[in-house]
Amino acid sequence: MTVLLLSQSTLTKMQQHYANYLKAKPPMHSLFCAVYHGTTITAYSSGKVLFQGKDAEQEAALWQTLTQKPLTTSSLPANFQHLSVMGSDEVGTGSYFGSLVVCAAFVEKTQLDELKRLGVQDSKQLTDTRIKQLAQQLKECIPYHIINVLPQKYNAVQPTMSQGKMKAELHNHALMLLLKKIAPLKPEAILIDQFELPSTYYKHIQDKQVQIKENVYFATKGESHHLAVAAASIIARATFLETLAELSQKAQCILPSGAHQAVDNIAAQLIHQHGLDYLNQFAKLHFANTQKAIYLEKEL
Ligand code: MG
């Protein structure tokens, strides 16, 4: 078990982060309690947070680093944004419906101005329509590699693999394939949009034959440090949206992204019409939404 003392703002962030994994009945006097991939996280209003389970230390490390020693980017070279960089990012990890997409993209320093002119920026600030347009333009001018894990595949792998490990393996794989694609050209640096501690990331891929490690940097909000991450993020997001649209067509109803309550209602409808197995091709079944939908379906 690992115990941390965290600030109120971190507690709020944590509660949002684990929103899909919260226990309906947290222990007495606790603020919230979540079970996330086998780790039980119990928070108290005093700021005390308990992490229990075999991966407790790793899970706690993320929050510890975030609060006590912010994931700084001071380790990035000073002129980082002007280098030729390969970046990677993922989309869909928090969405019940739809795939998990990881994209790696390579932006040479000579293309930075062109990408700026196109309007490449943080994908969270762009509308879905704009993201699709930009992704199309980017695909025509930079090398990239997309891995799109459809729900069926995700559900087949997920029971034996944490989402963190899955993401790490996908980033590593996408980077490896893109490095092959651009060879003999080499990026001056690789930037992974950070989703966990580098030590955890490398632990996740330690059994892989090829581990991309040379000149690799990690930074949260990676898109603000280099356009390569922004570009990867835009292409990944566009792929996620396209897939979600295709799945919606197949299901003959609009499948929204996210994991909010409307999602539970739609999942309940699908179970009601076609049975629980039907969801396997549309949704990430280990999310708490599945249990909520099963419960809601009984009322239909
Ligand atoms: Mg990211």
Side-chain angles (χ1 to χ4, degrees), residues 1-2 4 14 17-18 20-21 34-41 51-66 69-73 75-76 85-95 99-105 145-180 187 189-223 225 228-229 232-233 236 240 284-287:
M1 181 171 79
T2 305
L4 296 181
M14 285 183 86
H17 180 82
Y18 296 117
N20 291 323
Y21 305 92
V35 181
Y36 182 73
H37 299 305
T39 305
T40 303
I41 301 123
F51 296 81
Q52 292 157 294
K54 71 174 171 46
D55 295 326
E57 209 178 319
Q58 276 182 36
E59 194 62 27
L62 178 66
W63 297 103
Q64 188 167 33
T65 317
L66 278 174
K69 197 167 68 119
L71 295 170
T72 56
T73 51
S75 54
L76 292 179
V85 168
M86 185 176 286
S88 63
D89 195 12
E90 82 285 332
V91 171
T93 52
S95 182
S99 53
L100 167 59
V101 188
V102 172
C103 179
H145 189 85
I146 303 168
I147 306 178
N148 190 7
V149 184
L150 294 172
Q152 216 152 2
K153 180 74 192 289
Y154 181 99
N155 292 329
V157 175
Q158 190 280 326
T160 58
M161 195 187 279
S162 71
Q163 208 188 49
K165 182 167 168 61
M166 212 187 297
K167 282 193 275 187
E169 290 194 359
L170 291 169
H171 275 264
N172 184 60
H173 202 64
L175 292 168
M176 178 187 81
L177 292 176
L178 188 56
L179 283 169
K180 264 193 196 156
I190 294 175
L191 180 61
I192 298 174
D193 189 44
Q194 185 160 4
F195 53 92
E196 62 191 354
L197 286 175
S199 56
T200 312
Y201 175 89
Y202 288 120
K203 205 167 152 189
H204 282 328
I205 59 165
Q206 65 188 2
D207 56 341
K208 293 285 142 194
Q209 225 169 32
V210 180
Q211 294 163 33
I212 308 302
K213 283 183 165 174
E214 197 187 336
N215 281 331
V216 171
Y217 297 88
F218 295 83
T220 54
K221 298 200 179 77
E223 64 280 347
H225 301 292
V229 174
S233 175
F240 173 82
K284 302 181 185 80
L285 295 179
H286 68 106
F287 278 40

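We number each residue from 1, following the sequence as shown. We use all heavy atoms of the structure for the numbers below, so side chains are in, but hydrogens, waters and symmetry mates are not. Fair warning: this is a prediction, and the values are worked out from it, not measured in the lab.
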Handout entry: Geometric class of the His37/Tyr21 ring pair [parallel <30°, tilted 30-60°, perpendicular >60°]
Key =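 Aromatic pair Tyr21/His37 classed tilted.
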Between [X] (side chain only) and [Y] (backbone N and O only), is there a donor and an acceptor less than 3.5 Å apart?
X      : Y      : value
Lys284 : Ser95  : yes
Asp89  : Asp193 : no
Gln211 : Gln206 : yes
Lys153 : Ser99  : no
Glu59  : Thr39  : no

Practice task
Go through the structure and list residues passing side-chain contact (heavy atoms from CB on, under 4.5 Å) with Gln152, not counting sequence neighbours.
Solution key: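 Only Asn280, Gln281 meet the side-chain contact (heavy atoms from CB on, under 4.5 Å) criterion with Gln152.
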Exercise for the section: With side chain to side chain contact (heavy atoms under 4.5 Å, CB included) as the test, would you mind laying out the steps for Tyr217 and His225 before giving the verdict? Expected result: CA-CA 11 Å; Tyr217 297 88; His225 301 292; over 6 Å; no
Exercise for the section: Indicate the atoms forming the closest heavy-atom contact of Ala61 with Leu197, along with that distance. Expected result: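 Smallest interatomic distance, heavy atoms only, reads CB-CD1, 3.3 Å.
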Practice task
Taking all non-hydrogen atoms of both residues into account, name the closest pair between Ala232 and Gly87 and its distance.
Solution key: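 So the two residues come closest at CB-O, 3.7 Å.
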Throw together a table of side-chain donor-acceptor distances under 3.5 angstrom for residues 164-175, partners on residues two or more places apart or in other chains.
unit_1 : atom_1 : unit_2 : atom_2 : d
Lys165 : NZ     : Glu169 : OE2    : 2.9
Lys165 : NZ     : His204 : O      : 2.6
His171 : ND1    : Ser88  : OG     : 2.8
His171 : NE2    : Glu90  : OE1    : 2.7
Asn172 : OD1    : Ile212 : N      : 2.9
Asn172 : ND2    : Val210 : O      : 2.8

Problem - Any side-chain donor near an acceptor of the partner, Tyr154 and Gln163, under 3.5 Å - result: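 Side-chain D/A pair, Tyr154 to Gln163: present.
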